[in-house]
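In what follows, every chain begins at residue 1, and chains take the letters A, B, ... in the order their sequences are listed.
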There are 2 protein chains.
Amino acid sequence: MARPSQREQILVEASRLFSKKGYHATTIREIAQNRGILSGSLYAHISSKEDLLFEIVDDGADAFLSAITAVSQSDRSPIEKLRMALCAHIQVIAQRMDATTVFFHEWEALSEERRHLIQTKRDEYEAHWNAILQEGIDDGSMCITDPKFVRLMLLSVANWLYHWYRPSGPLSPDEIAERFIQILVNGIEDTAKERDHRA
Amino acid sequence: MARPSQREQILVEASRLFSKKGYHATTIREIAQNRGILSGSLYAHISSKEDLLFEIVDDGADAFLSAITAVSQSDRSPIEKLRMALCAHIQVIAQRMDATTVFFHEWEALSEERRHLIQTKRDEYEAHWNAILQEGIDDGSMCITDPKFVRLMLLSVANWLYHWYRPSGPLSPDEIAERFIQILVNGIEDTAKERDHRA
DNA sequence: CCTACCGATCGGTAGG
DNA sequence: CCTACCGATCGGTAGG
């Protein structure tokens with residue numbers, strides 16, 4: 001594992017500060033100071049404060065997207081895909097708390113053009129979820145009527161993690177996903193089928 | 001209905017701007033300009049920008065608290081209380097989108113003392129939820145093991161509303177609550193009982 | 001509620 | 001990566 005470049009370390013520090021204090025409340029001087037340099041010297045590595053924000057947010061969007069793409073392409077059953085997608089989503093948040101907090105909290109601070117770029121990736125991400133849920137409707141394994149609404153619920157529960165998850169907490173990301181599924185999927189999956197499985 | 005005072009209209013405008021752009025990105029000059037006065041004149045009505053934020057966030061906390069207190073004190077069944085509490089929570093968000101967005105998004109920008117004050121009200125609010133769920137466990141109407149985790153899920157789904165709810169959308173607040181309950185409560189409520197109800 | 005202003009701090013740059 | 005600095009803008013105030 002190559003030792004991280006100064007540029008990468010600046011991104012990590014910016015993520016930490018943006019997530020803790022917010023983008024606008026964080027100054028370029030703080031980021032520089034915590035990296036042991038002066039604010040002017042930052043500009044040897046970045047070209048603007050907003051570039052820093054964009055790189056963090058865009059990385060976050062890519063992390064979510066690549067996680068669900070892998071799940072989508074697998075040949076599991078819809079219910080199993082839903083389980084895996086939820087696990088993957090939670091893993092992305094848990095493993096990159098700072099970056100995903102910035103992703104959810106500060107993406108609206110981007111310029112309009114860049115906001116649209118991120119919006120496109122969000123749309124793509126949600127389309128993957130819709131497709132998984134639609135598969136479940138089509139093969140009868142999920143008794144839901146409105147996949148978009150259910151997707152919204154699933155992602156609401158999963159996204160809110162960034163408000164409360166702590167690596168030092170009692171539950172691992174997988175255990176959290178397991179509990180979500182215990183309550184949510186058993187409510188979503190056709191109860192007749194569910195009873196057969198249990199019998 | 002008395003016509004709103006300038007002070008009240010300043011609060012409304014501040015809520016709107018804080019929710020749209022964030023607390024730090026909103027300037028005192030913008031708030032003043034949108035009220036038709038100069039920035040210096042604002043200080044005849046408020047004493048600081050942070051006071052403005054605190055009043056918005058504290059009002060939000062009180063709105064949530066008084067809604068659930070009413071539900072807690074009713075003599076309905078635990079399941080019915082849960083239903084009512086979720087409806088009430090969603091109503092608070094839907095009816096005060098700007099203020100609740102600021103409540104969720106910007107409360108960490110407050111001074112430490114005031115943040116603790118809000119945290120205390122949040123704790124109190126969550127205790128009401130825990131109590132309702134515990135009642136449901138005690139009388140056997142809810143088959144859950146960890147009320148705090150279930151409360152977290154319920155509030156995650158409900159809170160995320162501030163990201164996507166629009167008054168002009170196809171679903172009313174009550175219809176949204178109904179759909180949440182359709183999926184969540186049917187997953188939480190003991191399925192044996194649920195089947196009996198349906199039969 | 002306005003005029004007129006303040007000290008502080010912001011993101012960013014030129015030149016080395 | 002530092003020195004030295006810039007124009008702009010910030011929240012807020014004194015005096016009327």
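Across the protein-nucleic acid pair, B:Q33 atom CD and D:dT9 atom P stand 13 Å apart, rounded to whole Å. Regarding A:L53, its CG atom lies at a distance of 17 Å from the C1' atom of C:dG12, rounded to whole Å. What separates OH of A:Y43 from P of D:dA4 is a distance of 20 Å, to the nearest Å. Atom pair A:H24:NE2 and D:dC10:C1' shows a separation of 13 Å (rounding to whole Å applied). As a whole-Å value, the separation of A:L52 CG from C:dG11 P is 11 Å. The nearest whole Å value for the distance from the CG atom in B:L42 to the P atom in D:dG12 is 10 Å. With rounding to whole Å, A:R29 atom CZ is found 7 Å from C:dT9 atom C1'. If you take CD1 of B:I31 and P of D:dG11, they are 8 Å apart, rounded to a whole angstrom.
Both B:I28 and A:H45 sit near DNA chain D, but only A:H45 has its closest nucleotide nearer the 5' end. The residue among A:G40 and A:E30 whose nearest nucleotide of DNA chain C is located toward the 5' end is A:E30.
Nearest to the side chain of B:S39, among C:dG11, D:dG12, D:dC1, sits D:dG12. In this structure, the nucleotide among C:dC1, D:dC2, C:dC10 sitting nearest to the side chain of B:S41 is C:dC1. Across D:dC1, C:dG11, D:dG12, the shortest atom-to-atom separation from the side chain of A:Q6 is found for D:dC1. The listed nucleotides are C:dC1, D:dC2, D:dG12; the one nearest the side chain of B:A44 is C:dC1. Proximity note for A:S48 (side chain, C-beta onward) versus D:dC10, C:dG12, C:dT3: the nearest is C:dG12.
Of the N and O atoms on the side chains of B:D98 and B:S19, at least one donor lies less than 3.5 Å from an acceptor on the other residue.
In a base pair of the Watson-Crick type (N1 to N3 plus N6-O4 or O6-N4) or a G-U wobble (N1-O2 and O6-N3), with each distance short of 3.5 Å, C:dG15 is matched with D:dC2.
Looking at heavy atoms from C-beta onward, A:D174 lies out of side-chain contact with A:E178 at the 4.5 angstrom threshold.
Exactly one of B:F54, B:F104, B:Y23 qualifies for a ring-ring contact (aromatic ring centres under 6.0 Å, His included) with B:F18. That residue is B:Y23.
Across all strands shown, A:L38 has heavy atoms under 4.0 Å from base atoms, whether or not it also approaches the sugar-phosphate.
Salt-bridge formation is detected for the pair A:R16/A:E13: a Lys NZ or Arg NE/NH1/NH2 atom is positioned less than 4.0 Å from an Asp or Glu carboxylate oxygen. By the 4.0 Å N-to-carboxylate-O rule, B:R114 lies too far from B:D58 to be salt-bridged with it.
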